[in-house]
Each structure stands twice: as C-alpha cells, then as structure tokens.
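Chain A is the first sequence line, chain B the second, and so forth, proteins listed ahead of strands; every chain is numbered from 1.
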Amino acid sequence: MSQDITLAQFRRWLSLFAEQVQEQVDLLTELDAAIGDADHGANMQRGMRKVQERLQDPTATGGDIGSLFRSIAMTLISTVGGAAGPLFGAFFLRAAKDVDGTDAVSLEQLAAMFRSGLEGVQQRGKAQIEEKTMIDALQPAVEALEAAVAEGLDAAAALDRALEAARRGMLHTAELQASKGRASYLGPRSIGHQDPGATSAFYLIQSAAAALGRQAQAEES
Amino acid sequence: MSQDITLAQFRRWLSLFAEQVQEQVDLLTELDAAIGDADHGANMQRGMRKVQERLQDPTATGGDIGSLFRSIAMTLISTVGGAAGPLFGAFFLRAAKDVDGTDAVSLEQLAAMFRSGLEGVQQRGKAQIEEKTMIDALQPAVEALEAAVAEGLDAAAALDRALEAARRGMLHTAELQASKGRASYLGPRSIGHQDPGATSAFYLIQSAAAALGRQAQAEES
Amino acid sequence: MQKIINNPADAALESLQGFEFAFRRLLRVSYNPNFVWRRDAPVAGKVSIISGSGSGHEPLNIGYVGPGMLDAACPGAVFTSPTPDQYLAAIRAIYGGAGALFVVKNFGGGVLNTEVALELAREEGYNVASVLIHDDVSIDQSDNRRGMGAAILVEKIAGAAAEAGRPLDEVVTLAQRTSSQARSMAVALSSCTSPYVGHPTFNLPSDQMEVGVGIHGEPGRYRTALVSANQIVDILMEPIVRDLALQADERVLVLVSGLGGTPRQELFIVFRHIYDLLQQRSIIVERQLVGNYITSLDMAGCMVTLLRLDPELTSLWDAPVHTPALHW
Amino acid sequence: MQKIINNPADAALESLQGFEFAFRRLLRVSYNPNFVWRRDAPVAGKVSIISGSGSGHEPLNIGYVGPGMLDAACPGAVFTSPTPDQYLAAIRAIYGGAGALFVVKNFGGGVLNTEVALELAREEGYNVASVLIHDDVSIDQSDNRRGMGAAILVEKIAGAAAEAGRPLDEVVTLAQRTSSQARSMAVALSSCTSPYVGHPTFNLPSDQMEVGVGIHGEPGRYRTALVSANQIVDILMEPIVRDLALQADERVLVLVSGLGGTPRQELFIVFRHIYDLLQQRSIIVERQLVGNYITSLDMAGCMVTLLRLDPELTSLWDAPVHTPALHW
Ligand SMILES: Nc1ncnc2c1ncn2[C@@H]1O[C@H](COP(=O)(O)OP(=O)(O)O)[C@@H](O)[C@H]1O
Ligand SMILES: Nc1ncnc2c1ncn2[C@@H]1O[C@H](COP(=O)(O)OP(=O)(O)O)[C@@H](O)[C@H]1O
Ligand SMILES: [Mg+2]
Ligand SMILES: [Mg+2]
Ligand SMILES: [Mg+2]
Ligand SMILES: [Mg+2]
C-alpha cells in the first residue's frame with residue numbers, strides 16, 4: 001500500500017524547483033538566447049524568487065494543497081510574464097482543481113494532478129507533443145507516471161520513471177524543429193538547440209522526484 | 001637671373017597636388033581619425049576631384065595666374081568644407097591678390113605669393129605656429145623659401161629648401177599638443193599624432209617643388 | 001556590457017520612472033503592477049484602447065499613450081510580455097464604460113498573457129475585445145506571423161476612431177481592417193545586448209546580416225551577406241508588396257523604423273529607395289513615418305511596414321494625437 | 001562595415017533625398033548647393049534663422065526646419081561643416097527682409113565656413129548676425145568650448161522669437177542669453193563608424209567609456225572604467241551644475257540626447273537620475289527633451305544639456321513649433 005504524499009512535501013517540491021531554476025538561470029538564458037529572446041532565465045528567476053517569498057509565508061499559500069497550488073499559479077502568472085508564466089500557471093491552476101481542502105494525496109491522485117496540469121498547459125498553449133515546447137518534457141513524464149502507477153510501483157520508483165521520461169523528452173527537443181512558441185519563427189534554424197521551456201519543465205519533474213519520491217522515503221527511513 | 005614660373009607650371013602644380021592628395025586619402029583619413037573626426041581625407045578628396053575637373057576646362061579657370069588661383073580658391077571653399085576648405089581657400093585667394101593678369105612670375109614674386117597665402121590662412125584661422133595645424137608646415141616652408149631667395153638660389157633649390165622645411169614642420173606636429181582646431185579638444189591626448197592638415201599642406205609644398213622647381217627645369221633641359 | 005544602466009534587473013523599472021518624470025503632464029504611471037495611462041482617463045463613453053509589450057521596444061508601447069491613441073499601455077520586463085494582472089489593473093483604471101479593445105501582437109507570450117487578461121476582465125464584467133497583429137511576412141505560415149510595426153498603425157487608427165466616439169464594434173472592425181492591410185519585415189545588421197545577457201544575443205560578422213528578424217533580439221529566418229541599402233530594401237519590399245498584392249494607383253502608408261542602433265541617416269536612405277520602388281509601380285506614398293518607432297534595444301537594422309490606405313484610414317491616421325512619440 | 005548605405009560618398013546625399021520625400025509637405029530641399037528650407041519661406045518681415053552642420057547628427061539640423069524654428073538648414077558631408085556657398089544660396093532663398101541670424105556651433109570648421117558665409121552675405125547686402133554656441137563644459141578653456149546640444153535650444157528659442165515678429169537685435173540678444181545659460185557634456189560607450197572610414201573611429205573595450213566626447217566620433221577628454229548609469233550622470237552633471245552655478249529654486253530645461261546607438265530605455269534611466277539629483281538640490285525641472293536630438297551616427301552614449309530658464313525663455317520654448325523633429 002503506497003504512502004500518502006503530504007502538503008509539506010508539496011511545499012518542499014516547490015521550494016526545490018525554485019532553487020534548481022535559480023541555479024540554472026544562466027543555462028536557461030543561454031538556451032533561450034539561441035532560439036528565443038534570451039529572457040527565459042530572467043523570467044523564471046523573477047517568478048521563483050516570488051515563489052520562495054510566498055513559501056516563507058504559510059498564511060499566503062493556504063493550508064491545503066489546492067490553495068497552495070492556486071497561490072503559486074497566480075504568483076507565476078503575475079510575475080513570470082512571457083509564454084512560460086501563463087503556461088506554468090495553467091499547470092498549477094489545473095492541478096489544483098481536485099485537491100481543494102486536501103493536505104495529502106495518494107500516488108494515484110498525484111498522477112491525476114499531473115495529468116490535469118498537463119491538460120491545462122495544452123489548453124492554454126494549444127501545442128502538441130513534438131512541437132519543441134515544454135510539452136515535450138511534461139507529457140512523457142505524465143505518461144510514465146501513469147504507467148508506473150498502473151504497474152503498482154511506489155512513489156520513488158514511479159517518479160524516477162517520470163524523471164527519466166522528462167529528461168529524454170527534454171533532450172529530444174534538440175532534434176526537433178519548433179512549430180510553436182518563439183523558436184518557430186526560426187524555421188529549420190531551431191533544430192539543434194534544446195528548448196528552454198522543456199528544460200525548466202524538466203526541473204519541475206526533477207524536483208518533484210526529489211521531494212515527492214525518494215526524498216520522502218529518505219526522510220522516513 | 002632666375003627663370004620665370006609660367007601659368008602652365010602653376011596649373012601643373014595644382015594638378016600634382018590634387019593627385020598626391022588623392023593617393024594619400026587613406027592616410028589623411030587615418031590621421032584625422034586619431035585626433036579629429038576622420039573626414040579630412042574625404043574632404044580633401046572631394047575638393048581635389050573638383051579641382052581636377054576645373055583644370056580640365058581652361059575657360060573655367062581663366063587665362064592668368066590670379067584668375068586661376070581665385071577659381072581654385074572658390075572651388076576649395078565650396079567643396080572641401082570643414083576647417084580645411086576655408087583655410088586652403090584663403091591661401092589661394094590671398095596668393096592671387098598681386099598676380100591678376102599675369103601669366104608668369106619671378107621666384108621673388110612666387111615667395112611673395114606664398115607669404116600672402118600664409119597670411120590668408122593665419123588671418124582666417126587665427127592660429128600661430130606650434131598650435132599643431134597646417135601653419136606648422138606652411139610657415140617654415142614660406143620662411144625657407146624667402147631665405148633661399150635672399151641667398152640667390154634658383155627655383156629648384158629654393159623650393160627644395162621649402163619642401164624640407166615643410167616636411168620637418170609636418171613631422172614636428174606629432175610632438176605638439178593642439179591648441180587650435182578639433183584636435184585641441186583632446187587636450188594632452190593629441191600629443192603623439194601627426195596633424196592631418198599639416199600633412200596635406202606638406203603635399204601642397206611638395207607638389208609645388210615638383211611643378212615649379214625641379215620639374216620645370218627637367219622639362220626645359 | 002556597454003549599457004547605461006544601474007543593474008540589469010532594475011533597468012525596465014528605472015526607465016519607466018524616468019519616463020514618468022518626463023511626461024507627467026500628459027500621463028500617469030502606476031507601479032506594481034506597472035502600467036501607464038492617460039491623465040484624463042477614464043474618458044466616459046469612449047471605447048478604451050489598451051496595449052502592452054515587453055520593455056526594450058521603446059517608444060512602443062508606453063510612448064503611444066495619450067489622447068487620440070492608447071488609454072493605457074502595460075510594459076513588461078525587457079523583451080517579456082506583461083502579465084495579466086497588469087492588464088487587469090489598467091482596465092480597472094481607464095475603463096470608460098463603452099468597451100475596451102486590446103491590441104495584441106502575435107507572439108506566444110503576448111497572446112497567452114492577454115488571453116488570461118481578457119478572461120479575467122470578462123469575469124469582472126468588462127466588455128472587452130481584441131485585435132491580433134500578425135504582419136511579419138518573413139514567416140511563411142500566415143497563421144503564425146509575428147506582430148510587428150502594424151501594432152503602431154492599428155493603435156493610432158483605433159485610437160482615433162475611439163476618440164471620435166465610434167462604438168466598440170466599429171472600432172474593432174477598423175482595427176481588424178488595418179491589421180489585415182499591413183505587412184512588415186525587418187533586417188538586423190547586429191545583435192542587440194539584453195541587460196539580462198550582458199553580451200550580444202548572437203554574433204554577426206560585420207559582412208553578414210540577419211533577414212527576417214523579430215523585435216526581441218532573436219536571429220532571423222536566414223543569414224546572408226550584407227548588401228547595399230537598396231538591395232536590403234528590395235529584399236524587404238518584395239514579399240511585402242507581393243503579399244499585399246499592391247496594384248498601381250493604390251495608396252500606402254510607409255513606416256520605416258530603426259531597431260534602436262541604426263542612425264536616422266540610414267533610415268532615410270532606406271525610405272528613399274522604398275519611395276522610388278513604389279513610384280516605379282505607380283503606388284502612391286500617401287503618408288510616412290521614418291524614425292525609431294518600434295525597436296529592439298540597441299540592435300542595428302530596420303523594419304519596413306506598409307499599410308494599404310483608404311480614405312477612412314487616412315483620415316483616422318491624420319486625426320490629432322498627443323502622445324510622447326506621436327504628436328500632431 | 002555594418003551600415004545600411006549604398007556607398008559612402010553618396011550616403012549624405014541619398015539620405016537628404018529620402019528626407020525630402022518624407023517631409024515634402026513641410027519643407028523644400030535644394031541641391032547643389034544643398035539646403036533645406038521652410039515651404040513658406042521667405043516670410044516677409046520675419047527675422048530669418050539659419051543653421052548648418054555636418055550630416056550624421058540627425059535630426060540636427062535639417063530636422064529643425066519649419067515654422068517656429070529654422071528657416072533654413074545646410075547639411076554638410078558626413079561630420080563636415082557645410083560650405084559658405086550653401087549658406088549663401090540658403091539666405092538668398094529665405095531672406096524675409098528683416099535680417100538673419102546664423103546659429104554657429106563652435107567648431108573650427110563650423111566657425112570658419114560661417115565667417116566666410118557672413119562676409120559674402122554682407123557683400124550682397126544682407127543684414128546678418130550670428131550667435132556662437134559653446135556649451136561643452138568638458139573643455140577647460142571656456143573660450144574654446146565646443147558647440148553641442150545648446151544649438152537646439154537656441155534655434156528653438158530664437159525661432160519662436162522671430163516667429164513672434166521680434167526684430168533682429170532682440171532675437172540676437174535672446175539667442176545669446178540662451179547660449180550663455182546652457183551647458184553640456186557627453187559620454188561615449190562606443191565609437192561610431194563613419195562611412196568614410198568603414199570601421200569604428202576608435203576602439204573602446206566594453207568595460208571602458210570615453211568622457212567628454214564631441215559629436216564627430218572623436219575620442220573624449222579621457223578614457224575611464226565604465227560605471228553605472230547613476231555614476232555616469234554624476235560625472236556629467238557635476239561640471240554642468242557647477243559651471244552654471246545653479247541655485248536652489250532655479251528652473252531648468254534638461255535635454256538628454258542619445259548619440260545614435262543608445263536605446264531610449266537607457267536615456268530615461270539617465271533622465272531619472274538627473275531629475276533626482278536636481279530635486280535633491282531643489283532645482284526645478286521645468287521642461288525636458290529625452291530622445292535622439294543631436295547624434296553622432298551610431299555612437300553609443302548620451303549628451304546632457306541644461307538650460308537655465310526664465311519666464312521669457314520658457315514661454316518661447318513653449319511656443320508652437322512644426323518641424324520634423326520638434327512638433328507642438
Ligand atoms: N504554445 C506553447 N505551448 C507550450 N509551451 C510553450 C508554448 N509557447 C512557448 N512555450 C514554451 O515557453 C518557452 C519560452 O518561455 P519564455 O522565454 O519565458 O517566453 P517567451 O517565448 O515569451 O520569451 C519555450 O521554450 C517553450 O518551451
Ligand atoms: N584655426 C586653424 N588654423 C589653421 N589650420 C587649422 C585650424 N583649424 C584646423 N586647422 C587644420 O585643419 C585640419 C583639419 O581639417 P578637416 O579635417 O578637413 O576639418 P575639420 O577639423 O573641420 O574636420 C587640421 O588638421 C588642421 O591642420
Ligand atoms: Mg523567451
Ligand atoms: Mg576633420
Ligand atoms: Mg520573452
Ligand atoms: Mg569635420
């Protein structure tokens with residue numbers, strides 16, 4: 001029987017995500033400079049600083065997972081700007097939809113939250129897989145997580161699968177020609193460069209694996 | 001008894017001067033780029049092209065030395081622009097003043113023409129020697145010419161003296177700090193660079209030596 | 001980094017503060033969230049016109065706020081579309097009760113953020129519409145074209161219609177007609193330096209140029225040898241004139257905008273050849289703007305925008321305007 | 001050479017032709033010799049205001065021709081003062097019978113050529129006067145100071161006085177008062193590239209700046225480490241404020257001009273700190289201009305000009321003006 005994932009872990013996820021993005025700001029900037037407008041690093045950094053501020057103040061983010069996610073979504077939407085702001089915002093807004101008043105979720109529920117989040121991004125951005133966007137990291141991760149849950153894996157193992165799928169998806173974007181987002185204006189010249197948004201989406205999954213999977217067990221063992 | 005210097009020689013002087021400046025356009029540009037605004041080459045080239053055009057058309061330049069000089073002066077004034085235009089213009093305008101209706105001059109008269117030309121430049125530009133301007137080439141040349149005439153040298157030898165004096169004056173400008181003209185705005189930073197206007201003034205004397213001195217004798221021998 | 005700034009993160013904000021000091025008598029500036037609005041807004045009974053864009057494109061968009069043009073503009077971070085809360089705060093400040101038109105440049109971020117803003121504004125009961133600017137002919141797929149110089153023309157013409165008291169549906173129709181009759185293309189002779197990056201976004205050898213660039217320092221559709229001014233104009237004008245299917249005796253407005261680092265001297269050399277080309281085809285240059293109107297920080301290069309005019313658009317273009325960047 | 005030109009020798013002329021196409025309804029352009037003049041000149045009974053400068057400083061000076069400012073401007077070759085025959089042709093075209101004022105920037109070439117022009121004009125019977133602009137405080141010797149941004153202010157104020165029908169002696173006095181109450185200083189963050197040279201006039205490492213530059217691509221008084229925007233402003237403002245001996249409660253006009261390659265975003269960061277500095281000293285920024293008003297081709301950097309205002313100068317500044325570059 002799998003262990004529930006707690007509100008504290010979700011807070012830790014967001015905090016790790018914020019840290020990781022800020023460590024990688026220069027990389028995100030460089031990736032966006034190659035095929036975009038060189039602001040993805042600064043955009044995400046601005047948003048993540050605000051996320052950290054909000055996390056410091058537990059009253060601002062509410063006492064349940066739904067409120068936490070909604071608060072983070074609004075923070076991202078109002079501080080990140082660019083394409084990434086509304087899209088990451090849509091992820092958290094949608095993922096929040098079935099977890100209001102909840103302070104712990106099962107792995108199955110977590111997978112459903114990720115699916116909803118992905119749908120939020122898809123509806124907002126109208127991108128499919130293989131268009132060289134953050135979808136290319138998010139969708140394989142969600143599918144891997146769902147498959148792992150179906151196989152009955154535990155949170156650590158399941159999130160590791162998601163992490164590996166996100167990594168492959170992110171790296172695969174380098175081979176693609178963009179047909180959505182700013183990189184699409186470059187036509188074939190976008191090929192050969194990894195997508196910045198897929199890279200920050202990878203960090204989202206990587207920090208989830210650390211906070212919601214292995215990390216959780218490490219804390220408990 | 002010294003030989004008279006003819007209108008044809010004066011025309012040849014101007015034509016040689018025009019050629020020489022145009023061969024050295026890049027040098028004049030570079031010299032002006034270092035301590036001025038990088039236009040002296042282009043200014044002189046524009047003027048010299050027009051001088052050559054005028055020389056092609058004998059009716060446009062008149063049948064005597066005075067008319068020739070006045071026509072060249074007006075050409076320079078209306079095409080060169082910058083500081084050099086009015087200054088070289090003043091040289092020829094003043095040098096013309098006692099040679100209207102004349103189609104040949106003695107060496108003494110030539111020296112007097114040069115002195116008048118120099119005075120024209122001095123009055124227009126209000127610069128003294130050692131201010132790092134074209135005066136630093138012109139004035140030593142005029143003085144050398146006058147001294148040579150007093151010594152009784154012939155045109156070739158006298159103009160060679162003037163040429164050497166102009167060369168030394170031109171080279172000496174590199175040691176000076178400018179106190180007139182655009183280079184003066186640089187303060188001490190103007191030291192170490194040869195003055196562009198002194199360089200084109202040197203070409204003026206050099207072509208005079210070739211056309212009015214040696215060259216004239218070469219043609220006759 | 002060869003920039004006159006204090007530090008990269010504050011550049012956009014400090015510039016906005018300086019802008020406020022300079023245009024106090026004409027405009028107001030709100031901070032947190034940031035937007036610029038007409039001194040006399042809300043103008044009761046007038047359709048409101050709102051736009052936004054990242055910073056670094058000045059005078060776009062904050063320079064176009066004022067009577068006869070925008071009621072409000074939202075500046076984002078450098079090259080980053082403004083966020084929905086900025087738009088929402090702006091509309092609350094300037095809504096005159098007769099509906100509002102958002103002028104949206106077709107860029108992923110711009111569209112997504114305005115969509116969110118429009119949803120939020122509707123939830124609050126505002127009557128809002130939007131017009132999409134997508135004039136960049138360097139993009140083949142016509143449904144994915146970037147929004148460029150046409151934004152200025154649409155903002156001016158919609159602004160004049162609103163000022164004249166036209167209702168929202170007419171303003172929207174005019175804005176859409178203007179947008180559909182405009183085409184743009186740009187060329188870069190250098191990269192720009194974003195304060196976030198600190199060095200040029202791309203490296204362009206001095207004998208090369210990027211053709212089909214946007215206004216965010218992105219590289220263009222292709223890189224090729226730098227050619228003469230007239231040849232550059234030929235490259236930009238060919239797809240514009242073809243895509244607009246301009247015929248003899250038609251009338252156009254020509255906008256030549258420097259991208260920030262190109263001197264005016266060169267912009268007039270560009271305009272000269274555009275004028276000659278159009279004259280050869282008996283197309284009449286009825287109006288023009290030549291200067292820095294939509295820029296990409298310090299990028300060297302220029303954008304050419306053509307708008308097919310009709311008498312109604314021309315008279316709206318000519319209507320008085322009092323903004324920092326357009327004034328007549 | 002990263003320039004949008006056809007060839008170096010034609011750049012200034014072709015640009016002038018493009019300028020003519022763009023501003024036909026406001027101005028006329030004569031070629032050979034080249035000058036730009038008001039459509040409605042000569043204006044009978046009005047004092048005529050004439051100025052000139054090399055090309056590459058656009059919009060200076062041709063952009064300041066029109067009602068309320070210049071009657072004519074003579075553009076020279078790139079960075080080269082115009083020649084006397086240009087001035088002479090211009091005065092013949094625009095002389096309104098009430099005398100003419102030449103606005104002369106203190107540069108060797110500028111002064112020499114105008115002196116010749118004034119002599120020739122007097123010989124032809126024109127009643128001409130001149131005012132010298134020498135506002136560059138980076139030059140210690142106050143009798144050798146270059147003419148910089150004050151030219152624009154003098155041209156505007158003298159132009160307004162002339163438009164109001166004031167006689168020549170009064171226009172001259174006002175122009176001299178304006179000139180004597182203005183100070184400027186400029187800094188460069190890059191060289192410019194003259195089309196004649198084809199590469200930057202000097203090489204400036206990206207962490208250095210040239211302080212005390214002119215507008216002809218010359219290096220400045222000294223080179224030093226590039227500092228923050230606020231520190232740059234401190235460096236420029238200190239000698240200006242000191243030399244003007246500005247006191248609390250005095251009123252000034254502030255002109256911040258980009259040198260051609262600096263984006264507007266940075267100019268407003270500069271203006272912000274100037275405003276703060278003056279406010280700290282209780283000096284009132286009564287009027288301002290922030291943009292590219294006097295440039296040095298594509299040079300990165302900016303010039304700051306302060307003019308001490310009095311009610312008469314302020315009201316002349318505010319008087320209507322209809323030129324390509326200033327319009328209100
Ligand atoms: N329509 C879309 N759907 C999903 N992701 C998108 C879409 N458009 C852009 N993105 C993602 O956003 C990233 C760029 O974000 P960012 O640089 O912050 O915004 P902008 O492109 O507006 O500058 C891209 O790398 C891409 O992954
Ligand atoms: N007052 C002056 N008297 C004599 N020569 C001068 C004076 N001012 C400048 N010059 C000469 O003019 C030269 C510069 O000419 P040019 O570059 O054509 O004009 P500008 O300085 O206006 O760009 C200088 O190198 C100097 O020799
Ligand atoms: Mg980006
Ligand atoms: Mg020079
Ligand atoms: Mg962006
Ligand atoms: Mg010059």
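Here the straight-line distance linking atom CG of D:N144 with atom OH of B:Y185 works out to 5.5 Å at 0.5 Å rounding. For the atom pair OG1 (B:T29) and OH (D:Y196), the distance works out to 10.0 Å, reported to the nearest 0.5 Å. Separation of atoms CZ (D:R221) and CZ (B:R189) is listed at 9.5 Å; rounding is to 0.5 Å.
Interface remark: B:Q45 contributes no atoms to any contact with chain D (heavy atom separation under 4.5 Å). Neither the backbone nor the side chain of D:F202 comes within contact range of chain B; no heavy atom of the residue lies under 4.5 Å from a heavy atom of that chain. Heavy atoms of B:K180 lying under 4.5 Å from chain D are absent altogether.
Using a 3.5 Å distance cut-off with no hydrogens or angles, the side chains of B:D39 and D:S194 do not pair a donor with an acceptor.
Not a single donor-acceptor pair under 3.5 Å links the side chain of B:R124 to the backbone N or O of D:L112.
Identified by a heavy-atom distance below 4.5 Å to chain B, the contributing residues of residues 212-219 of chain D are D:H216, D:E218, D:P219, in residue-number order. By a heavy-atom distance cut of under 4.5 Å, B:I77, B:S78, B:T79, B:V80, B:G81, B:G82, B:A83, B:P86, B:L87 are the residues of residues 62-99 of chain B near chain D, going up by number.
Nearest approach of B:D37 to D:F79, heavy atoms of both residues: OD2-O, 3.0 Å.
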